[in-house]
Amino acid sequence: MLDMKFIRENPDLVKQGIRNKGEKADVDGILELDEKRRTIIQQVESLKHERNEMSQEVSRLKKEGKPADEVISRTREISQTIKDYDEDLKKIEFSLKEMLDWIPNLPHESVPVGKDASDNVVIRAWGKIPEFDFEISGHLEIAERLDIIDFPRGSKVSGRGFPVYKGKGARLERALINFMLDTHSAEHGYREVFTPFLVNRESMYGTAQLPKLEEDMYLCQEDDLFLIPTAEVPITNLHRDEILDGENLPVRYCGYTACFRREAGSWGKETRGFLRVHQFNKVELVKIVTPESSYQELESLLKDATRILELLGIPYRVIELCTGDLSFGAAKCYDIEVWSPFEKRWLEASSCSNFEDFQARRLNLRFRRVPTAKPEFPHSLNGSGLATSRLMVALLEVNQTDEGSVMVPDVLRKYTGFPIIKREDY
RNA sequence: GGAGAGGUGCCGGAGCGGUCGAACGGGCGCGACUGGAAAUCGCGUGUCCUCUUAAUAGGGGACCGUGGGUUCGAAUCCCACCCUCUCCGCCA
């Protein structure tokens with residue numbers, strides 16, 4: 001959510017930002033409602049002032065044993081008027097908030113202006129694109145051959161897009177998660193958290209999945225709880241409605257959760273294999289930081305995420321999203337893409353975003369620099385560090401051998417307990 | 001799911017329907033005392049909205065779990081909901 005005061009004072013900047021993001025919002029309508037709101041507030045508050053004084057008057061008269069009937073009946077009338085105004089005000093504030101909820105965050109000035117993904121900018125690449133002197137297989141074929149991931153049975157149990165990991169595949173998945181959590185918590189300074197996978201509506205609103213993305217999420221209607229599409233939601237919401245001590249910033253969390261996405265509206269696209277699934281595993285990084293440090297923190301967040309890929313030896317590149325490809329709440333975002341040798345293309349494995357104070361405002365999350373200071377909104381950031389599904393694709397394809405087996409990267413071996421997954425393994 | 005208790009400021013904890021933004025204690029901040037500290041004493045200490053103002057500042061309104069209601073007036077009465085705790089039941 002943007003600051004109403006900011007919109008009031010910089011309407012053109014706001015309009016420009018929205019346009020650059022390719023979103024639509026009725027800024028003028030908002031300004032108009034805001035104006036109306038403040039007019040009514042002035043009226044209703046002066047009436048309330050009057051009422052308060054008259055109530056005191058009643059109290060005084062009664063104490064002195066004098067009749068107060070006349071004042072009481074006059075006050076009654078004022079109260080009725082107030083009630084009417086209050087009702088109008090409530091209606092206006094409701095629609096104003098509704099409109100504000102649909103205003104996206106503005107892109108940071110450093111973000112390249114562009115229309116869609118084709119205007120994104122490659123920042124850097126790491127690792128050598130592997131060459132093979134044999135005919136390579138895709139991740140699906142490898143997984144099937146080694147019997148480590150079972151899509152048909154996942155479909156039977158749940159439906160398409162719910163993979164089942166088996167044997168060494170299950171172990172590899174668990175190893176990846178543990179390896180990432182260990183690295184982030186022990187070496188990158190994040191505090192590990194394990195959060196719920198179901199969250200309430202307020203939490204979804206707080207991190208700005210609602211109202212825009214309701215269609216994309218699984219909802220347990222009976223309890224009005226949503227399955228989380230990312231750990232960003234429960235983790236960032238940990239401090240909703242809190243005022244943090246400035247000395248505790250930056251707050252850094254990492255956490256594993258399963259992630260659930262309906263992927264509504266993406267029928268037919270990449271529906272096979274791991275590229276688009278309804279449930280996947282992800283280790284997420286979340287930071288809550290002072291405003292002046294957030295862009296520096298974004299860079300270090302990106303570095304923490306890419307370090308995982310370097311340790312695993314998976315080639316990747318970093319993309320800076322242009323304004324038009326930026327998500328609703330993000331002010332700036334880097335995508336990390338891993339190389340799929342079989343597909344011969346880059347696959348998105350992580351997004352690292354700075355939300356500035358956009359989420360904090362919705363979350364009512366604030367901090368005090370010193371105990372006596374006024375509360376301010378901190379900046380919040382998050383990034384996948386990383387999603388295992390896309391990682392698994394690259395991992396299997398990059399590390400395949402001409403015998404059809406898969407070598408486990410060195411750093412993972414202490415987690416898997418085995419160095420290779422072979423065809424005859426069970 | 002059943003029965004009970006409770007939700008008040010940074011924390012603990014009061015609060016006959018009017019003088020309660022809220023006693024009292026603790027914490028925290030400033031000051032005094034001290035060589036310095038402890039102890040002690042004095043003063044102060046919320047958030048949001050809005051108006052005036054260039055700013056400092058000041059005026060007004062709101063906030064005692066949330067939302068309604070009663071009333072001239074509600075932290076205080078009534079209703080609904082949410083949450084926490086205890087006991088019972090069920091259960092991985």
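For the numbers below, each heavy atom of this structure counts, side chains included, while hydrogens, waters and symmetry mates do not.
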Distance, C1' atom - from B:U34 to B:G25, rounded to whole angstrom
27 Å
Worked check of side-chain hydrogen bond (donor to acceptor under 3.5 Å, both in side chains) between A:R307 and A:H188:
CA-CA 10 Å; A:R307 173 128 191 280; A:H188 298 163; 2.9 Å; yes
Straight-line distance of A:N248 CG to A:F367 CZ, nearest 0.5 Å:
11.5 Å
Who pairs with A:D12 by salt bridge (Lys or Arg N to Asp or Glu O under 4.0 Å), at least two apart in sequence or on another chain?
none
Check whether any side-chain N or O of A:K62 sits under 4.0 Å from OP1 or OP2 of B:U71, and answer yes or no.
no
A:L225 CG to B:C82 C1': how many Å, rounded?
13 Å
Pick the P atom in B:G2 and in B:C11, then give their distance to the nearest Å.
32 Å
Quick one: is B:G61 close enough that its OP1 or OP2 comes under 4.0 Å of any side-chain N or O from A:S46?
no
Below 4.0 angstrom from OP1 or OP2 of B:U71, is there any side-chain N or O of A:K83?
no
From CD of A:E242 over to C1' of B:C10, roughly how many Å is that when rounded to an integer?
13 Å
Stems where RNA chain B pairs, listed by first number, each of three or more Watson-Crick or G-U pairs under 3.5 Å
B:1-7 with B:82-88, B:10-12 with B:24-26, B:27-32 with B:40-45, B:46-52 with B:57-63, B:65-69 with B:77-81
Atom-to-atom span, CD of A:E247 to P of B:C28 - whole angstrom
13 Å
Are OP1 or OP2 of B:G61 and a side-chain N or O of A:N52 less than 4.0 angstrom apart?
yes
Relative to the ring of A:W102, is the ring of A:F328 parallel (under 30°), tilted (30 to 60°) or perpendicular (over 60°)?
perpendicular
Same-atom distance (C1') from B:A92 to B:C87, integer angstrom:
22 Å
Comparing A:E87 with A:M54, nearest RNA chain B nucleotide closer to 5' gives the residue A:E87
Any A:H49 side-chain nitrogen or oxygen under 4.0 Å from OP1 or OP2 of B:G61
yes
On RNA chain B, nearest-nucleotide positions of A:E53 versus A:R368: which is more 5'?
A:R368
Write down the distance separating the P atoms in B:A62 and B:A37, rounded off to the nearest Å.
45 Å
Kindly indicate whether a cation-pi arrangement holds for A:R362 with A:Y205, taking the cut-offs as under 6.0 Å to the six-membered ring centre and within 45° of the axis.
yes
Integer angstrom distance from the C1' of B:G27 to that of B:G9
13 Å
Please report the distance separating the C1' of B:G73 from the corresponding atom of B:G69, rounded so that it comes out in whole Å.
15 Å
List the steps and the verdict of salt bridge (charged side-chain N to carboxylate O under 4.0 Å, His left out) for A:R201 and A:D224.
CA-CA 7 Å; A:R201 206 165 263 285; A:D224 206 32; 2.8 Å; yes
Here the distance between atom P of B:A62 and atom NZ of A:K90, to the nearest Å, is 15 Å
Nearest non-hydrogen partners of A:P409 and A:N399, listed with the distance:
CG-ND2, 3.9 Å
For residues 108-117 of chain A, please give each side-chain donor-acceptor pair under 3.5 Å, one per line with the distance, not counting sequence neighbours.
from, atom 1, to, atom 2, distance (Å)
A:H108, ND1, A:S110, N, 3.2
A:H108, ND1, A:S110, OG, 2.7
A:S110, OG, A:K332, NZ, 2.7
A:D116, OD1, A:S118, N, 3.0
A:D116, OD1, A:S118, OG, 2.5

Rounded to the nearest angstrom, tell me the gap between atom NZ in A:K48 and atom C1' in B:G59.
17 Å
Please give, in whole Å, the distance from B:U66 C1' to A:N364 CG?
15 Å
Could you work out the separation of B:U19 and B:A75 based on their C1' atoms and round it to a whole Å?
16 Å
Can you list the residues that meet the side-chain hydrogen bond (donor to acceptor under 3.5 Å, both in side chains) rule with A:H239, with sequence neighbours excluded?
A:E242, A:Y253
Check RNA chain B against residues 67-77 of chain A and give the residues with a non-hydrogen atom under 4.0 Å, in numerical order.
A:I72, A:T75, A:R76
So, using side-chain hydrogen bond (donor to acceptor under 3.5 Å, both in side chains) as the criterion, who are the partners of A:E222 when residues are at least two apart?
none
Looking at A:A373 and A:R368, what are the two nearest heavy atoms and their distance?
O-NH1, 3.1 Å
What residues form a side chain to side chain contact (heavy atoms under 4.5 Å, CB included) with A:K5, not counting sequence neighbours?
A:D3, A:R8, A:E9
Considering residues at least two apart in sequence or located in another chain, which fulfil the side chain to side chain contact (heavy atoms under 4.5 Å, CB included) criterion with A:E98?
A:F94
Distances for protein N/O vs nucleotides 48-53 of chain B N/O pairs under 3.5 angstrom?
from, atom 1, to, atom 2, distance (Å)
B:C48, OP1, A:R366, NH1, 3.4
B:C49, O3', A:R37, NH2, 3.3
B:C49, O2', A:R37, NH2, 3.1
B:U50, OP1, A:R8, NH2, 3.4
B:U50, OP1, A:R37, NH1, 3.3
B:C51, OP1, A:R38, NH1, 3.0

Partners meeting side-chain hydrogen bond (donor to acceptor under 3.5 Å, both in side chains) with A:R171 (sequence neighbours left out):
none
A:I78 CD1 to B:G60 P, in whole Å, measures 17 Å
Tell me every residue that passes side-chain hydrogen bond (donor to acceptor under 3.5 Å, both in side chains) with A:S380, counting only those two or more places apart in sequence or in another chain.
A:Q359
Using a cut-off of under 3.5 Å, enumerate the N/O to N/O pairs linking the protein to nucleotides 90-92 of chain B.
none

Using a strict cut-off of less than 4.0 Å between a Lys/Arg side-chain nitrogen and an Asp/Glu carboxylate oxygen, indicate whether A:K21 and A:E23 qualify as a salt bridge.
no
Calculate the interatomic distance between A:R51 atom CZ and B:U71 atom P; express it in whole Å.
13 Å
How far, in whole Å, is B:C16 from B:G26 if one measures between their C1' atoms?
28 Å
